[in-house]
There are 2 protein chains.
Amino acid sequence: MREPTFLILTALADEARHGYGLITEVSRLSEGRVALKPGTLYGALDRLADEGLVARDREEVVDGRLRRYYRITPDGERALRAETDRMRRHVAAATAKLGPIGGATQAGVSFA
Amino acid sequence: MREPTFLILTALADEARHGYGLITEVSRLSEGRVALKPGTLYGALDRLADEGLVARDREEVVDGRLRRYYRITPDGERALRAETDRMRRHVAAATAKLGPIGGATQAGVSFA
DNA sequence: CACTATATCTTGATCACCAAGATATGGTGG
DNA sequence: CCACCATATCTTGGTGATCAAGATATAGTG
């Protein structure tokens with residue numbers, strides 16, 4: 001699972017959202033670092049719906065504009081939990097290997 | 001940065017390794033979940049070398065077989081640290097949204 | 001009156017990755 | 001002694017998620 005997909009599932013984890021709402025929530029979640037493109041978003045939603053990880057929710061019309069909501073499914077939540085655990089282990093492995101401050105000093109002899 | 005690339009940099013973070021050694025170390029790091037394919041590995045090493053994140057190290061011949069070693073560069077270590085931080089934040093965000101045990105119970109009213 | 005924000009979706013291209021195989025040496029089991 | 005597995009390199013062809021860009025439409029703002 002790649003970063004945009006992970007963040008889409010994360011954004012849906014606590015409540016149903018519509019496409020544009022996902023773009024803003026993913027941007028907020030990632031502190032502005034991930035700007036979801038429409039091509040990525042709608043492609044991912046279709047794919048995730050096919051896989052049963054998200055489902056269409058209600059539709060609303062607000063100010064003459066359609067809002068099409070999506071929600072995460074139980075399978076989607078399981079997938080997100082599994083992916084989160086996977087990432088957590090990778091973070092732990094990398095952190096252990098990198099050492100506290102880094103640089104060649106740590107790996108070699110040093111503080112003689 | 002995707003999972004195989006992240007694990008290659010992680011495997012190189014503490015010591016220089018050759019291609020086949022990376023395959024076994026990445027498998028060990030990921031507890032058997034990531035089996036690096038040669039196509040992925042050598043493609044990634046070439047790309048990372050072009051980007052200056054890894055560099056060719058020494059070469060050895062052991063039992064008539066060539067071992068070509070790669071090491072992580074300072075830029076590579078910086079990139080790995082940045083990526084690790086990024087993942088750590090995403091894990092934290094997902095964990096917060098998912099809640100302790102999960103299910104619709106947590107999101108809604110419950111424990112009345 | 002132009003621009004920005006909100007809202008949907010499509011199309012074409014890229015690129016990391018995967019699957020599979022080619023090539024070669026050395027050790028092991030039958 | 002021969003097949004097979006582990007070690008070790010690299011190539012080729014395909015897939016698929018993502019990106020870049022644009023099409024379409026309404027409502028609010030300067």
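Numbered from 1 within each chain, the chains take letters A, B, ... in sequence-line order.
Protein atom CG of L9(B) is 13 Å distant from nucleotide atom P of dA16(C), rounded to whole Å. Between the CG atom of L45(A) and the C1' atom of dT10(C) there is a distance of 15 Å, rounded to whole Å. Distance CZ (R56(B)) to C1' (dC10(D)): 11 Å, rounded to an integer number of Å. For the pair F6(A) CZ and dA17(D) P, the computed distance is 18 Å after rounding to whole Å. Atom CG in L41(B) sits about 10 Å away from atom C1' in dT9(D), given to the nearest Å. As a whole-Å value, the separation of H18(A) NE2 from dT6(C) C1' is 8 Å. Taking atom CZ of R17(B) as the reference point, atom C1' of dA8(D) lies 16 Å away to the nearest angstrom. Here dA17(D) presents its P atom at 12 Å from CD1 of I8(A), a figure rounded to the nearest Å.
Under 4.0 angstrom from either OP1 or OP2 of dT9(D) there lies at least one side-chain N or O belonging to Y42(B). Close to dA16(C), at under 4.0 Å from its OP1 or OP2, lies a side-chain N or O of R47(B). Between dA17(D) and T40(A), no contact under 4.0 Å exists linking OP1 or OP2 to a side-chain N or O. Here R67(B) reaches the OP1 or OP2 of dA8(D): one of its side-chain N or O atoms lies under 4.0 Å away. For dT8(C), the OP1/OP2 oxygens have no side-chain nitrogen or oxygen of R68(A) closer than 4.0 Å. Close to dC17(C), at under 4.0 Å from its OP1 or OP2, lies a side-chain N or O of T5(B).
The side chain of K37(A) sits closest to dC19(D) out of dA8(D), dA7(C), dC19(D). Side-chain proximity of A44(A) to dT18(D), dC10(D), dC9(C): nearest is dT18(D). The side chain of R65(B) lies closest to dT7(D), out of dG21(C), dC9(C), dT7(D). Listed nucleotides: dT6(C), dG22(D), dC10(D). Nearest to the side chain of Y20(A): dT6(C).
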Check the pair E15(A) / K97(B) against salt bridge (charged side-chain N to carboxylate O under 4.0 Å, His left out), numbers first and verdict last. CA-CA 9 Å; E15(A) 58 178 283; K97(B) 287 240 184 198; over 6 Å; no
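A donor-acceptor pair is defined here as one N or O able to donate and one able to accept, closer than 3.5 Å; such a pair exists between the side chain of T73(B) and the backbone of L53(B). T10(A) places a side-chain N or O within 3.5 Å of a backbone atom of F6(A) that can act as its donor or acceptor partner.
Residue-level contact check: G39(A) touches the bases, meaning some heavy atom is under 4.0 Å from a base atom.
Contact of R2(A) with dT18(D) (side chain to base): no donor-acceptor pair of N or O atoms is detected under 3.5 Å.
Across the interface with DNA chain D, nearest-nucleotide mapping of D63(A) and M1(A) shows M1(A) to be the residue nearer the 5′ end. Both G64(A) and G43(A) sit near DNA chain D, but only G43(A) has its closest nucleotide nearer the 5' end.
Tested against V91(B), the residues H90(A), R89(A), M87(A), R86(A) include a single side chain to side chain contact (heavy atoms under 4.5 Å, CB included) partner, M87(A).
A donor atom on one side chain and an acceptor atom on the other are found under 3.5 Å apart for R47(B) and T5(B).
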